[in-house]
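Below is one structure, written out as C-alpha cells; the observations come after it.
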Amino acid sequence: MSTGVIIALIVIVAVVVAVLAVLTVRARGAHGGGGLKRRFGPEYDRAVARHDGDVQAAERELAALVERHGGLRERPLEPAERERYEARWTATQEHFVDSPREAVAEADRLVAELAGARGFPDGGQYEEQVAALSVHHARHVQGYRTVHRLVGANGKADGSSDAAAPGTEELRAALLEARALFEDLLAPARGELTAKKTETTTTTTTARREDHGRHLPRAFQRHQPKEG
C-alpha cells in the first residue's frame with residue numbers, strides 16, 4: 001500500500017471520528033444535559049445543588065428518573081371527580097383561617113390523593129410519588145415537598161417535632177405553593193380532551209385563576225392589593 005493511500009485512509013478515519021464526536025455532542029444536548037435542563041427546570045438546579053455542583057452526577061440522577069417514570073400516563077379524571085377535588089381544596093383553604101397547621105396537613109394529604117388518582121405512586125410511597133411528579137410536573141413539585149416537610153415525617157401538624165413549629169406566614173406561603181401543583185394535577189392531561197374541549201377548559205381555568213383573589217379566604221387576601 002502506497003504512502004499516499006495510507007495518508008488518505010488516516011484522513012478519512014480522522015474525519016469520521018470528528019463527525020461522530022459532533023453527533024455525540026448534539027445528541028447529548030438534545031437528550032442529555034440540555035434536554036434534561038429544559039424538562040426539569042428548577043428541579044435540574046436542585047439536583048445539581050444536591051450533588052454539590054457535580055452536573056454529571058445530577059444528570060445521571062435525572063436521566064434515571066426519566067427512565068423509571070417517563071412512561072407514566074396520567075389517568076383522566078371524570079368531571080364529577082374533578083369537581084369534588086376542587087371543592088375539597090376550597091374547603092381546605094377556608095379551614096386555614098381557623099386552623100393553619102391542620103389545613104396544611106389536609107393539603108398534603110389531598111395532593112397525595114390526587115396524584116394517586118392520576119396514576120402516580122400513591123401517597124404511601126412518598127419518595128417514589130415525588131420522584132414521578134418531578135418528571136411530569138417539575139415546575140410545581142417543590143410546593144408539595146414544602147407542605148410535606150412542614151407537616152412532618154410523622155404526618156402530624158401540631159408542631160410536635162424537634163424542629164420549631166412553622167409560623168402562619170410560612171404555612172400560608174406553603175399552601176399557596178402547593179396549590180400550583182394541585183391545579184396542575186387537576187388540569188386535563190395532554191390529549192385527554194378534544195381540541196374544542198381543551199380550549200373551553202383552558203378558558204375556564206384562566207378565568208378562575210384571574211378571579212381567584214376575590215374567592216380566597218380572608219387570611220389569603222392579606223397581601224392582595226385593594227381594588228379602587
Side-chain angles (χ1 to χ4, degrees), residues 27-51 55-89 92 105-149 151 153 155 174-195 197-202 204-205 209:
R28 187 176 184 275
H31 304 288
L36 289 171
K37 191 166 187 176
R38 285 191 297 273
R39 176 166 193 162
F40 282 93
E43 287 295 291
Y44 182 93
D45 296 331
R46 292 187 188 101
V48 172
R50 278 197 306 275
H51 290 277
V55 174
Q56 291 185 341
E59 289 179 356
R60 285 195 296 270
E61 176 190 328
L62 296 177
L65 288 178
V66 173
E67 184 175 352
R68 191 160 77 244
H69 298 293
L72 185 148
R73 294 292 177 265
E74 296 185 49
R75 184 184 75 78
L77 293 175
E78 296 294 334
E81 192 177 11
R82 183 173 284 109
E83 289 177 5
R84 285 195 296 271
Y85 278 113
E86 287 178 332
R88 289 174 62 188
W89 186 269
T92 296
E106 290 169 6
D108 179 50
R109 291 190 294 269
L110 189 52
V111 171
E113 182 180 330
L114 177 56
R118 293 308 304 265
F120 291 91
D122 65 46
Q125 307 173 68
Y126 170 75
E127 295 296 340
E128 272 300 287
Q129 187 180 65
V130 169
L133 287 169
S134 73
V135 173
H136 296 273
H137 297 276
R139 304 287 171 181
H140 304 299
V141 69
Q142 184 62 17
Y144 179 28
R145 289 196 190 99
T146 301
V147 295
H148 193 78
R149 173 179 58 80
V151 168
L175 187 56
L176 292 175
E177 190 180 8
R179 188 183 68 202
L181 176 60
F182 181 84
E183 291 179 345
D184 213 22
L185 285 167
L186 207 59
R190 183 180 301 176
E192 184 177 327
L193 301 175
T194 62
K197 288 183 178 180
T198 300
E199 182 179 355
T200 301
T201 303
T202 301
T204 302
T205 302
R209 289 180 178 175

Taking all heavy atoms of [X] and all of [Y], pick out the closest pair and write down the distance.
| X | Y | answer |
| --- | --- | --- |
| Glu81 | Ala117 | OE2-CB, 4.2 Å |
| Gly123 | Ala112 | CA-CB, 4.0 Å |
| Pro42 | Arg139 | CD-NH1, 3.5 Å |
| Gln129 | Pro121 | NE2-O, 2.8 Å |
| Ala174 | Thr146 | CB-CG2, 3.7 Å |
| Ser134 | Ala131 | OG-O, 2.6 Å |

Exercise for the section: Could you please spell out the steps behind the side-chain contact (heavy atoms from CB on, under 4.5 Å) verdict for Tyr44 and Val55? Expected result: CA-CA 9 Å; Tyr44 182 93; Val55 174; 3.3 Å; yes

With heavy-atom distances below 4.5 Å as the criterion, would you say the side chains of [X] and [Y] are in contact?
| X | Y | answer |
| --- | --- | --- |
| Leu175 | Phe182 | no |
| Arg39 | Val135 | yes |
| Pro188 | Arg82 | yes |
| Arg75 | Phe120 | no |
| Gln56 | His51 | no |
| Leu114 | Leu181 | no |

Just do the side-chain contact (heavy atoms from CB on, under 4.5 Å) check on Val111 and Val147 with the steps written out, would you?
-> CA-CA 10 Å; Val111 171; Val147 295; 5.7 Å; no

Check your understanding: Say you draw a straight line from CD of Glu183 to CD of Glu86; how long is it, rounded to the nearest 0.5 Å?
Key ->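 CD of Glu86 is found 9.0 Å from CD of Glu183.
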
Atom pair CZ/OG1 of Arg179 and Thr92 - distance to nearest 0.5 Å: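 Atom-to-atom, Arg179:CZ and Thr92:OG1 are 12.5 Å apart.
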
Checklist entry - Could you go step by step and tell me if Glu128 and Arg68 meet the salt bridge (charged side-chain N to carboxylate O under 4.0 Å, His left out) rule? => result CA-CA 10 Å; Glu128 272 300 287; Arg68 191 160 77 244; 3.3 Å; yes

request  = Tell me, with the steps shown, if Glu106 and Trp89 meet side-chain contact (heavy atoms from CB on, under 4.5 Å).
outcome  = CA-CA 9 Å; Glu106 290 169 6; Trp89 186 269; over 6 Å; no

**Carboxylate-amine/guanidinium proximity below 4.0 Å for Glu61 and Arg46** =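 Looking at Glu61 and Arg46, the cut-off is not met.
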
**Message:** Just to verify, which of His140, His136, His137 counts as forming a side chain to side chain contact (heavy atoms under 4.5 Å, CB included) with Leu185?
**Reply:**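 When His140, His136, His137 are each tested with Leu185, the side chain to side chain contact (heavy atoms under 4.5 Å, CB included) holds only for His137.
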
Using modelled atom types only, decide if a donor and an acceptor are shared between the side chain of Arg50 and the backbone of Ala58 within a distance under 3.5 Å. no

